[in-house]
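The structure appears right after this line, and notes come after that.
The chains referred to below are lettered A, B, ... by the order of the sequence lines, with proteins before strands, and numbering in each begins at 1.
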Amino acid sequence: MPKITVTVNGTQHTHEVEGRLLLVHYLRDVLGLTGTHVGCDTSSCGACTIHLNGNAVKSCSMLAAQADGATITTIEGLASGDELHPLQVGFKEEHGLQCGFCTPGMIMCAADLLNRNPNPTEQEIREGLEGNICRCTGYHNIVRAVQHAAGQLEAAS
Amino acid sequence: MIPQAVDYKRAGSVSEAISLLAENPDAKILAGGHSLIPAMKLRLNSPSLLIDIARIPELRYIEVRDGGVAIGAASTHHDIISNAEIQSRYGVMIEAGELIGDTQVRNVGTLGGSIAHADPSADWPAALIALNASIKVEGPNGAREIPATEFFLGFFYTALEEGEIVTEVVLPAPAAGSRSVYRKFMQPASRFAIVGCAASVTIDGGTITDATISLTGVSADGAFLDEAVGAALIGKSASLETIEAAANAAAEGVELNEDHYASKAYRKHLAKVYTKRALAGACGL
Ligand SMILES: Cc1cc2nc3c(=O)[nH]c(=O)nc-3n(C[C@H](O)[C@H](O)[C@H](O)COP(=O)(O)OP(=O)(O)OC[C@H]3O[C@@H](n4cnc5c(N)ncnc54)[C@H](O)[C@@H]3O)c2cc1C
Ligand code: FES
Ligand code: FES
């Protein structure tokens, strides 16, 4: 069985895993980080989005073994202590969620977008979040939440 | 959904990957895994061993060579569309790459994986055919280079022989006065092409001197070079009348694809519409 070492939200873990173990199951079932959700399980909805070495990826469509050596951030690792990440603040302030199921994936994907493009247009936000599906909000407030975060990040820099 | 049990090995070099493949006939190469792992989860594919090539350094690069650009097979879709050299020379690669799946898919999926997989609705194959690219492969019997026009042979079927892997894609230097574009009508959920048209057109003093047009998603046999469209353009003035007539020749005599999104007749119609749009873009009309 492959042995993997990963750094997740700043903590290093080493485990022997089955070759077929999906990364999302490793995060949820082995590490207990259940903030990363499984929605469609068919690589379409983005609920399972995490950062692998800084890039947004769908953890339901990767093996844990592929992540060996990687630095991973999940939704649990985004805030600094009690201080929410600007995206988390944005989703709260702008009502960017209803049931919240899609939210961790939305936020992780939006964080990748803002890393690459700190000042996206509305169109760029909608395109950047193409891989994430929300069944509740109709997306408008998600776009506003990302704009809110972009504004906060700009003001802070 | 959980794949069937499988062993996993990470190859450190191309030669190690080729030997592992030779020693394990049931093995499969794993690159981004974004076609293979979903298929394994559905148990459509159950290899005994996955040979991970994604981190072989000699497979992940983009470099200018002989005026063209060489792309290592393990380069991700995102590597390609964010490369300044490709952005400045090969519009069709950027326009096609930006429309593959979504951010997360583009961060992981690779060029080599996409072309080896040869989904009949994939975007890269059309772009590579339009650019006259060639594909380098390596196997137990050595290396060879295959023109893109001879690489894609059918439905999930390529010229790769047993035990061979794709190592590099070579884009030739674009001709002076040439422009290449991609236009796609996408499946709204997966974003695969229902119809995708890649066009590369060279214009000299208002006259079209060269044109390569390819279509993906249209034929059940995957991406193909539509020679009739090219023939209807070469030697003509780059005008709306010319491109309209040429676009009308698109997707004739082809075994058309059909699914619950688009019938054969609708696909053929879309192929002509998207060919016209691509030609308008490539001719600056
Ligand atoms: C949600 C989603 C949406 C998508 N949308 C699109 C889209 O719009 N357009 C599009 O074109 N594609 C789309 N794709 C497919 C995506 O581009 C895949 O990344 C790509 O098809 C396969 O690349 P990979 O690196 O992930 O290959 P893998 O899944 O790792 O491998 C695919 C196949 O190729 C073989 N292989 C891989 N690399 C090599 C190599 N170097 N040599 C020989 N064999 C090799 C493997 O053995 C396997 O059989 C989508 C995928 C997903 C999950
Ligand atoms: S659960 Fe991974 S994309 Fe839906
Ligand atoms: S808030 Fe319910 S799915 Fe998005």
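When the shell of 6.0 Å around NZ of B:K184 is examined, it contains more than 12 heavy atoms from other residues, nucleotides or ligands. Around atom CZ of B:F156, more than 12 heavy atoms belonging to other residues, nucleotides or ligands sit under 6.0 Å away. Within a 6.0 Å sphere centred on CD of A:E16, other residues, nucleotides and ligands contribute more than 12 heavy atoms. The environment of A:E154 atom CD is sparse: at most 12 non-hydrogen atoms of other residues, nucleotides or ligands sit within 6.0 angstrom. In A:H13, the NE2 atom is crowded: over 12 heavy atoms of neighbouring residues, nucleotides or ligands sit closer than 6.0 Å. Environment of NZ in B:K9: sparse, with no more than 12 heavy atoms of neighbouring residues, nucleotides or ligands closer than 6.0 Å.
Options A:L21, A:L63, A:V38, A:D68 differ in how many heavy-atom pairs under 4.5 Å they form with chain B, and the most are formed by A:D68. Across A:E127, A:M1, A:R116, the residue that shares the most heavy-atom pairs under 4.5 angstrom with chain B is A:R116. Interface remark: of the candidates B:H78, B:Q4, B:R106, B:H78 forms the most heavy-atom pairs closer than 4.5 Å to chain A. Comparing A:T42, A:D41, A:L113, A:V57 by heavy-atom pairs within less than 4.5 Å of chain B, the highest count is held by A:D41.
Distance alone, capped at 3.5 Å, is enough to place a donor-acceptor pair between the A:R20 side chain and the B:P3 backbone. Of the possible donor and acceptor atoms, one in the side chain of B:R55 sits under 3.5 Å from a partner among the backbone N and O of A:Q66.
Among the residues in residues 56-64 of chain B, none has a non-hydrogen atom closer than 4.5 angstrom to a non-hydrogen atom of chain A. Proximity to chain A among residues 40-53 of chain B is limited to B:K41, B:R43, B:L50, B:D52, judged by heavy-atom separations below 4.5 angstrom.
Atom NE2 of B:H34 is separated from atom NZ of A:K58 by 6.5 Å, given to the nearest 0.5 angstrom.
Neither the backbone nor the side chain of B:A189 comes within contact range of chain A, judged by heavy atoms closer than 4.5 Å. Only the side chain of B:V108 comes within contact range of chain A, judged by heavy atoms closer than 4.5 Å. Looking at B:E98, there are no atoms closer than 4.5 Å to chain A (heavy atoms on both sides), in backbone or side chain. Contacts of A:S44 with chain B are absent, with no heavy-atom separation under 4.5 Å from either backbone or side chain. The contact between B:P38 and chain A is made entirely by side chain atoms (from C-beta outward), counting heavy-atom distances below 4.5 Å.
What you find for A:M62 and B:I37 is that their closest heavy atoms are CA-CD1, 4.1 Å. Here the shortest heavy-atom pairing between B:Y8 and A:P2 reads CB-CG, 4.1 Å.
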Next on the checklist: As a quick check of understanding, evaluate side chain to side chain contact (heavy atoms under 4.5 Å, CB included) for A:D112 and B:N107, giving each step before the final call.
Outcome noted: CA-CA 10 Å; A:D112 184 334; B:N107 280 343; 3.1 Å; yes
Checklist entry - What do the steps show when you test B:Q104 against A:N55 for side-chain hydrogen bond (donor to acceptor under 3.5 Å, both in side chains), and what is the final call? => result CA-CA 8 Å; B:Q104 294 96 316; A:N55 297 316; over 6 Å; no
Item to check | Check against side chain to side chain contact (heavy atoms under 4.5 Å, CB included), A:L129 and B:D102 | outcome: CA-CA 8 Å; A:L129 297 176; B:D102 48 53; over 6 Å; no
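In this structure the side chain of A:E18 never reaches within 4.5 angstrom of the side chain of B:V6, judged on heavy atoms.
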